[in-house]
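The block underneath contains the structure these notes are about, expressed in structure tokens.
These numbers come from a predicted model, not from an experiment. Per chain, numbering begins at 1; letters A, B, ... match sequence-line order.
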There are 2 protein chains.
Amino acid sequence: MTRGNRNVDLRHLRYFVAVAEEENIGRAAARLHISQPPLTRQIQQLEEELGVTLFTRTPRGMELTQAGELFLEEARNIRALVEQATERAQRAGQGKLGRLDVGIFGSAILDAIPKLLLAFRNRYPDVKVVLHTMTKAEQIEALRQRRISVGFNRMLAPLADLAIKQVTTEGLLLAVRVDHPLAAQPTIRFAELQHHPMVLFPTGARPSFIDKVIGLCADSGFQPQISQEVGDAATGVALVAGGFGVCLVPDSATTLQFPGVAYRPLSDTPPNFHVDLSCIYRKDDQSPILAAFLDTVGRYRDDQA
Amino acid sequence: MTRGNRNVDLRHLRYFVAVAEEENIGRAAARLHISQPPLTRQIQQLEEELGVTLFTRTPRGMELTQAGELFLEEARNIRALVEQATERAQRAGQGKLGRLDVGIFGSAILDAIPKLLLAFRNRYPDVKVVLHTMTKAEQIEALRQRRISVGFNRMLAPLADLAIKQVTTEGLLLAVRVDHPLAAQPTIRFAELQHHPMVLFPTGARPSFIDKVIGLCADSGFQPQISQEVGDAATGVALVAGGFGVCLVPDSATTLQFPGVAYRPLSDTPPNFHVDLSCIYRKDDQSPILAAFLDTVGRYRDDQA
DNA sequence: CTCCTCAATACCCTACAGGTATCATCGAGA
DNA sequence: TCTCGATGATACCTGTAGGGTATTGAGGAG
């Protein structure tokens, strides 16, 4: 079996299809914007390479042989596939096609993240977004190992190889059980929190939201009474319902509607009484999909402002 | 959308796949038996044509981008398809793959033709043989219109544009009803036929088997009594069973077993007491499948001899 | 027999794939 | 900190092959 396709290239196929369709080398040459003799030569060369007679030459023009008919189908397929491949590669290069692996934290995917993902999905419907629940430390590890391209978290600090982009900033509310003494007040002074046991979250890599809360208390001159540390906001609110005490949560946690738990605003709060939600990604990641995603993040943040 | 694939050819794909697999331009170049700089240039040119960054250059080598990964799959597909297309075209060019349209006569496909078709099918299993039942005149018309590539018939005469190849030659037998007077003899003298009505076939384009029989009778000095003309041997034998008289048939018609009908050999026969089965095809038909078929016919005929 | 329409051939020219030599960059060790 | 080694990129040259023009050859149609 002669391996004859070494020197066959797409030009040959393009020319071949044109000749097969026009059944006339002169017309085909005109259609291809070349002159007749080189086209004749290319067809001869193709037949030579394949070792197959593709056309029978008649006084009226070129007529496909049976082998030619078969090869015509294949040639059209190949050309269509090439067309499709370039188009898909281009779309992928523009970040319009592909896959984005995203790290998210805890079981609490609250407010901003779903909205953001929805906005991204609308703008880039052919990018498959895959969510991975992982802690902050796992996100950083996964980013470095390229298992994810972007992670969402709070209290992120820039690193040498990882960059941060803020998504949104939120105030804090107090989750209390409706029969808790503090629940009687429509607004609670921040300093009052020192007299009540608190549930804190999340466990795991520091600094995290825990440190934010402890820092805020320190700014107000006290140390919180920690009744329990839990993994995420949802668990925290569940413990509040169970009577473990109060719990400071970001605004968006109000989407966690729990029977017997109310959310109360705070007054006399220290400065910086808010917490950021940011995303983190590799500085050297040139992926157009990540660029598109970060662009969507920027637009989202601007819309919020 | 930039239509950028105009100058992309299979060489680009081959080079791209090599680099993607080696993740190193130098090694890929060695594998391709070219030097490193042209390979670098070809990859750059491919990226330029597509408008897509396919690799991220690292100090350790070339790493596929997401778009590159996607394009790699497509490139492999395309290359496999090209491989397959050339191979199929080559097989078609050798007559090993394709379709052969064959014209056969009457409802009587007897002995030689099934054997021949079976032999051809065994030698060329990927050639689809399509049978078309048609008269001699229809076969000639269909050959000229390229609707069939070869026809089978008896009493064929060469034409300007059509060639003949003999398949086999057969003797003649007499089909008689078992209660017919002639059936009593184990062998019948040819001249006796003048006293008995005969069924003749086929109707349609002349000269045909009818003329053969009439000619044989003339050679023996008489004119046959024609009781009925019918379309084909099977019908003829059926009429013999129905009492319409006797019927001269080729040897192979004995495969038509009819209750109450016997076949008897003849003695004192005139010269040329046999009939040929031939096939007819276009002289200018260069199809390798036809060539393969005619070759099979030749082998069959030689085996018979 | 002549003209007309095809494809095929002869010959030239230029563009570009491929070669050699060299440079730029970035890590890894000494 | 500096050098060395590996990698890809660049500069420049050369030969081949793809494309152009002019012409020939070969069948049909009138």
Side-chain angles (χ1 to χ4, degrees), chain A residues 4-50 52-65 68 144 160-161 282-286, chain B residues 4-50 52-65 68 144 160-161 282-286:
Chain A
N5 69 19
R6 259 295 166 279
N7 297 312
V8 174
D9 67 26
L10 295 177
R11 180 171 22 80
H12 287 118
L13 299 188
R14 199 170 76 237
Y15 288 5
F16 167 72
V17 171
V19 173
E21 285 174 356
E22 298 290 344
E23 296 186 326
N24 177 309
I25 289 204
R27 281 200 302 276
R31 182 171 125 184
L32 294 166
H33 306 298
I34 64 173
S35 61
Q36 172 256 317
L39 183 53
T40 293
R41 234 184 323 137
Q42 290 295 315
I43 297 297
Q44 287 171 334
Q45 184 179 325
L46 176 60
E47 291 182 323
E48 178 76 18
E49 292 286 344
L50 295 178
V52 173
T53 302
L54 298 170
F55 294 98
T56 55
R57 278 71 170 172
T58 79
R60 285 186 313 289
M62 308 282 278
E63 195 178 332
L64 282 172
T65 62
R144 290 185 171 141
D161 54 340
R282 293 203 330 278
K283 277 179 182 166
D284 65 352
D285 190 339
Q286 297 301 311
Chain B
N5 69 18
R6 259 295 167 278
N7 297 313
V8 174
D9 66 27
L10 294 178
R11 180 171 23 79
H12 287 118
L13 299 188
R14 194 158 42 104
Y15 288 4
F16 167 72
V17 171
V19 174
E21 285 175 355
E22 298 290 344
E23 296 187 326
N24 176 310
I25 288 203
R27 281 200 302 277
R31 181 171 124 186
L32 295 167
H33 306 297
I34 63 173
S35 62
Q36 171 257 316
L39 183 53
T40 293
R41 229 178 336 131
Q42 290 296 313
I43 297 296
Q44 287 172 333
Q45 184 179 325
L46 176 61
E47 291 183 322
E48 177 76 18
E49 291 286 343
L50 295 178
V52 174
T53 301
L54 298 170
F55 294 99
T56 56
R57 277 71 170 173
T58 79
R60 285 185 314 289
M62 308 282 277
E63 196 177 333
L64 282 172
T65 62
R144 290 188 170 136
D161 54 340
R282 291 205 329 278
K283 278 179 184 167
D284 65 352
D285 190 337
Q286 297 301 312

So what does [X] hit on the nucleic acid, given a heavy-atom distance under 4.0 Å: a base, only sugar-phosphate, or nothing?
X: A/His33; result: sugar-phosphate
X: B/Phe55; result: nothing
X: A/Arg41; result: base

Measure [atom1]/[X] against [atom2]/[N] and give the value in whole Å, please.
X: A/Arg11; N: D/dT16; atom1: CZ; atom2: C1'; answer: 13 Å
X: B/Gln44; N: D/dA11; atom1: CD; atom2: C1'; answer: 13 Å
X: A/Ile43; N: C/dT9; atom1: CD1; atom2: P; answer: 14 Å
X: A/Tyr15; N: C/dA7; atom1: OH; atom2: C1'; answer: 17 Å
X: B/Ile34; N: D/dG15; atom1: CD1; atom2: C1'; answer: 16 Å
X: B/Asn7; N: D/dG18; atom1: CG; atom2: C1'; answer: 13 Å
X: B/Glu48; N: C/dC16; atom1: CD; atom2: C1'; answer: 15 Å
X: A/Gln45; N: C/dT9; atom1: CD; atom2: P; answer: 14 Å

How far apart are the closest heavy atoms of [X] and [Y], and which atoms are they?
X: A/Ala29; Y: A/Leu39; result: N-CD2, 3.4 Å
X: A/Thr65; Y: A/Thr53; result: OG1-O, 2.9 Å
X: A/Phe16; Y: A/Ile43; result: CA-CD1, 3.8 Å
X: B/Arg282; Y: B/Arg144; result: CD-CA, 4.5 Å
X: A/Val8; Y: B/Leu10; result: O-CD1, 3.3 Å
X: A/Ile25; Y: A/Gln36; result: CG2-CG, 3.6 Å

Among the nucleotides D/dA11, C/dT9, D/dG18, which one has an atom lying closest to any side-chain atom of A/Gln42?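 Nucleotide nearest to A/Gln42's side chain: D/dG18.
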Below 3.5 Å is the cut-off: list the nitrogen or oxygen pairs between protein and nucleotides 1-8 of chain D, distance only.
from: D/dT7; atom 1: OP1; to: B/Asn24; atom 2: ND2; distance (Å): 3.1
from: D/dG8; atom 1: OP1; to: B/Ile25; atom 2: N; distance (Å): 2.8
from: D/dG8; atom 1: OP2; to: B/Asn24; atom 2: OD1; distance (Å): 3.4
from: D/dG8; atom 1: OP2; to: B/Ile25; atom 2: N; distance (Å): 3.3
from: D/dG8; atom 1: OP2; to: B/Gly26; atom 2: N; distance (Å): 3.3

Note: A/Arg11-B/Asp9 ion pair, threshold 4.0 Å (strictly below): no
